[in-house]
Amino acid sequence: MKSTVTLEEVVNKLDHFSPLTTRMPNIKVFSGSSHPDLAQKIVDRLGIDLGKVVTKKFSNMETCVEIGESVRGEDVYIVQSGSGEINDNLMELLIMINACKIASASRVTAVIPCFPYARQDKKDKSRAPITAKLVANILSVSGADHIITMDLHASQIQGFFDIPVDNLFAEPAVLKWIKENIPDWKTSIVVSPDAGGAKRVTSIADRLNVEFALIHKERKKANEVASMVLVGDVKDRTAILVDDMADTCGTICHAAEKLIEAGAVKVYAILTHGIFSGPAISRINNASLEAVVVTNTIPQERHMQDCPKIQCIDVSMMLAEAVRRTHNGESVSYLFSNVPY
């Protein structure tokens, strides 16, 4: 006799098996060798352990990566900042992404607090490369499904990718630092050291409800500033210089001198990415700066030892919250204007 199965029985059977079929992948966070301290802070905040990975170099300087645990069906996050030996670290990140991808990871997200080659984002002269676009392409080809970064040099870089990019802002953490550490911030003036950062500065000035000023600079060649013109009144005020990154610090130190000449009482510099290459540290030590405040998107321990003016804002909680929200499928836009406590 032919047996019949009712619709209710089928639904009950499906319900019985649903925990297996709808299992959310577990989260795994791995660290590259560029900034293990930041990765450790992120996993501490998330309440999980850092994934086991061994990165080494062969005698011919080829990078070798060994992922020390299963990532099959997992939601993988790889933390690697564009600092130090940038090319080696970028290559290491690509190899780690690819290793996880071909080991059947469900999704691979590259957490890149400081995006490498972000300044080469446009063809500003003949035969100039757009290297930021090239980096975007190779990240996609290596198997990255998603990118989390902070304060891109130009937010249009997000458009170089065909995968989702979350560009977090250091602005909420910067506002918090200003309110807690600059006593007379209500009468201060926020200054952009170049025209390119005007949008960033006006946003911070609006949030603090203070005035802003602008320094127009002309470059003769890369990393060398020719002339500067201050637009705005800084006399008898505390000036807060805000920029996305400081490399050789020529611009910031010139700007600080210009502001002191124009009558500013104190000058603070707040920068998201403190690269500090070449003569940067000696320039800061000799400059008329009260403090140079950076975030820990790049390791700052050595810089802080060499220069007492450098102070660090921890942004690991913002990156950790972005990872948690991405993993749980929640909105990340809350982080654009708030610091998670």
_Atom CZ of Phe169: over 12 foreign heavy atoms under 6.0 Å_ = yes
*What do you reckon, is CG of Asp49 surrounded by more than 12 foreign heavy atoms closer than 6.0 Å?*
no
_His146-Asp166 side chain donor-acceptor pair, cut-off 3.5 Å_ = yes
*Donor on one side chain, acceptor on other, Asp75 and Ser106, under 3.5 Å*: no
*asked:* If you count every heavy atom of other residues, nucleotides or ligands that lies below 6.0 Å from Lys186 atom NZ, does the total exceed 12?
replied: no
*Between the main-chain N or O of Gly82 and the side-chain N or O of His35, is there a donor-acceptor pair closer than 3.5 Å?*
no
*Do you see a donor-acceptor pair shorter than 3.5 Å between the side chains of Ser277 and Asp247?*
yes
*Arg107 to His327 - nearest heavy-atom pair and separation*: NH2-CA, 3.7 Å
*Establish, from distance only, whether the side-chain atoms of Asn89 and Ser34 form a donor-acceptor pair under 3.5 Å.*
no
_Polar contact flag, side-chain donor to acceptor under 3.5 angstrom, Gln40-Ser31_ = no
*Main-chain N/O of Asn209 paired to Asp206 side chain as donor or acceptor, under 3.5 Å*: no
*Do the side chains of Thr297 and Val315 get nearer than 4.5 Å, heavy atoms only?*
yes
_Check: Ile215 and Val229 side chains under 4.5 Å, non-hydrogen atoms_ = no
*Within the side chain of Asn167, is there an N or O that forms a donor-acceptor pair under 3.5 Å with the backbone of Leu152?*
yes
_Flag if over 12 foreign heavy atoms under 6.0 Å of CG, Asp184_ = yes
*Ignoring hydrogens and angles, tell me if any N or O in the side chain of Glu74 forms a donor-acceptor pair with the backbone of Asn26 under 3.5 Å.*
yes
*Consider only side-chain heavy atoms of I, L, V, M, F, W and Y, link residues closer than 4.5 Å, and tell whether Phe115 and Leu94 are in one cluster.*
yes
*Ignoring hydrogens and angles, state whether a donor on the side chain of Ser288 or Glu257 is under 3.5 Å from an acceptor on the partner side chain.*
no
